[in-house]
Protein chains: 2
Amino acid sequence: MRISARADYAVRAALQLAASAEAAPVKAEAIAAAQDIPHKFLEGILNELRRAGLVVSRRGGNGGYRLAGPAASISIADVIRAVDGPLVSVRGVRPPDLAYTGPAESLLPLWIALRSNVREILEGVSLADVAGAELPRGVLALTEPPSAWTNP
Amino acid sequence: MRISARADYAVRAALQLAASAEAAPVKAEAIAAAQDIPHKFLEGILNELRRAGLVVSRRGGNGGYRLAGPAASISIADVIRAVDGPLVSVRGVRPPDLAYTGPAESLLPLWIALRSNVREILEGVSLADVAGAELPRGVLALTEPPSAWTNP
DNA sequence: GTATTTCCTAGTGACTTGATGGGAAAACGT
DNA sequence: ACGTTTTCCCATCAAGTCACTAGGAAATAC
């Protein structure tokens, strides 16, 4: 289960936009510099975000990108789905489309539970939450046990 | 976030072994047929499970594979890690090794929370649980709302 | 009209994924 | 001892994905 570079970059770019929520649009180049993302690569990502309706753009003179709506109403899941498709898939297919037989039958509900859990987190956290460094209480609670920060 | 075919196959193979917990080892070919997995591909996977110490093998005559321990003490996470490495990574690196700046700083705790949540599920469910179709109450609860079964 | 910045298309090298094939090594039954 | 079975261990493969780059067309500002 890996978060792709695209997804990571997309979220960070969106966060940068959430932070500069003034009237003036932010240029791709500025975001690339601030977050250390290859800027031509980022351009493509921002474009996808625009096509998904999360971001609006203006070109020319002092153009750039702005969030399409309030940062509090865009979830991390929204951003990831815009650039990477379904949040979680098994072998490239979404859980509900899977079919298991024999002793593996209960694997489907397991994947469903997993996905539901992932959704709960990524849909429950907004750009405003992260940019403002105020994660929801439930999410923060998960980070409290020191074991959460150590590798297996 | 995708579960690879290797991981899916590995878990299903392990479940098949958990189901036939008799003395006689199960042949790769039998597992491949039962779960519809390319059998040469499966052979490699079973080998990795053996190297990880989850499975023991015997060759020749009536050889095959057996679980190395009781199905109740092998978690789904164990199996996935054996064939795919870390459960969750961002751009290929594990969350604790990441560094974020500016408005993205709180992204790290978010990934940590996500990983912690995924762990909770995959480490908390054993092969015996799935093979016996008796998922832990907490996991089952996640599958109850119909919304868990629908795509976004 | 010129400078700027987004938008679009195409392409690239490296890696991963899913899968296949051929045998060598080990264990069995007889 | 012998032949069969089955795991084990390469090597390879096509296809795809990933991360990234290049070049230019279209739109907007001044």
Side-chain angles (χ1 to χ4, degrees), chain A residues 1-13 17 20 23-33 35-68 80 82-86 89-93, chain B residues 1-13 17 23-33 35-68 80 83-86 89-93:
Chain A
M1 308 205 52
R2 94 179 237 166
I3 308 283
S4 68
R6 302 176 63 75
D8 185 52
Y9 290 168
V11 172
R12 282 156 63 192
L17 292 180
S20 350
V26 186
K27 301 189 209 321
E29 180 58 43
I31 301 175
Q35 287 293 327
D36 194 34
I37 302 173
H39 92 284
K40 276 303 235 176
F41 190 36
L42 176 63
E43 240 179 45
I45 291 172
L46 286 167
N47 229 304
E48 290 183 274
L49 293 182
R50 180 187 52 90
R51 257 171 277 173
L54 299 180
V55 146
V56 291
S57 65
R58 211 171 65 208
R59 27 187 171 183
N62 52 359
Y65 298 87
R66 277 180 5 254
L67 290 182
I80 296 183
V83 299
D84 260 3
S89 71
V90 179
R91 271 180 294 133
V93 332
Chain B
M1 309 207 50
R2 94 179 238 166
I3 309 282
S4 69
R6 301 177 63 75
D8 184 52
Y9 289 168
V11 173
R12 282 157 61 192
L17 292 180
V26 186
K27 304 190 207 319
E29 179 57 42
I31 301 175
Q35 287 294 326
D36 195 35
I37 302 174
H39 92 284
K40 276 303 236 178
F41 191 35
L42 176 63
E43 242 179 43
I45 291 172
L46 286 168
N47 231 307
E48 290 183 274
L49 292 182
R50 179 186 55 88
R51 256 171 277 173
L54 298 180
V55 145
V56 291
S57 65
R58 212 171 67 207
R59 26 187 172 183
N62 51 3
Y65 297 87
R66 277 179 7 252
L67 290 183
I80 296 184
V83 299
D84 261 3
S89 71
V90 178
R91 272 178 294 133
V93 333

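Since the structure is predicted, the reported quantities are computational estimates derived from the model, not experimental observations. Chain letters run A, B, ... following the sequence lines, proteins first, then strands; residues in each count from 1.
The nearest pair of heavy atoms linking His39(B) to Ala32(B) is CB-CB, 3.3 Å. Counting all heavy atoms, side chain and backbone alike, Ala82(A) lies closest to Ala52(A) at CB-CB, 3.6 Å. Of all heavy-atom pairs between Ile45(A) and Ala10(A), the closest is CG2-CB, 3.7 Å. The nearest pair of heavy atoms linking Arg12(A) to Ile37(A) is NH2-CG1, 4.2 Å.
Using a 4.0 Å cut-off, some side-chain N or O of Asn47(B) falls inside it from OP1 or OP2 of dC9(D).
Rounding to the nearest 0.5 Å gives a distance of 7.5 Å between OH of Tyr9(A) and CG of Asp36(A). Here the NZ atom belonging to Lys27(B) is positioned 5.5 Å from the CG atom belonging to Asn62(B), to the nearest 0.5 angstrom. The CG atom of Leu42(A) sits 5.5 Å away from atom CD1 of Ile31(A), with the distance rounded to the nearest 0.5 Å. The line from CE of Met1(B) to OG of Ser4(A) is 10.5 Å long, rounded to the nearest 0.5 Å.
With sequence neighbours left out, the side chain to side chain donor-acceptor pair (under 3.5 Å) criterion links Arg50(B) to Asn47(B). Looking at residues two or more places apart in sequence or on another chain, you find a side chain to side chain donor-acceptor pair (under 3.5 Å) between Arg91(A) and Asp8(B). When the ring pair (Phe, Tyr, Trp, His ring centres under 6.0 Å) test is applied to Tyr65(A), no partner is found at least two apart in sequence or on another chain.
Along DNA chain C, read 5' to 3', the first and last nucleotides having any atom under 4.0 Å from a heavy atom of chain B are dG18(C) to dC28(C).
Counting any heavy atom pair closer than 4.0 Å across all strands shown, Gly44(B) reaches no nucleic acid atom.
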Dot-bracket encoding of pairs in DNA chain D, which uses [ ] for pseudoknotted crossings and | for another strand, Watson-Crick or G-U under 3.5 angstrom: ||||||||||||||||||||||||||||||
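Here dT7(D) presents its P atom at 7 Å from NZ of Lys27(B), a figure rounded to the nearest Å. Straight-line distance from the CZ atom of Arg58(A) to the C1' atom of dA29(D): 8 Å, rounded to whole Å.
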statement: In 5'-to-3' order, the base (B), backbone-only (S) or no-contact (-) status of each nucleotide in nucleotides 13-23 of chain D, using a 4.0 angstrom heavy-atom cut-off, is ------SBBBB
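The base of dA26(D) sits with one of its N or O atoms less than 3.5 Å from a complementary donor or acceptor on the side chain of Arg59(A).
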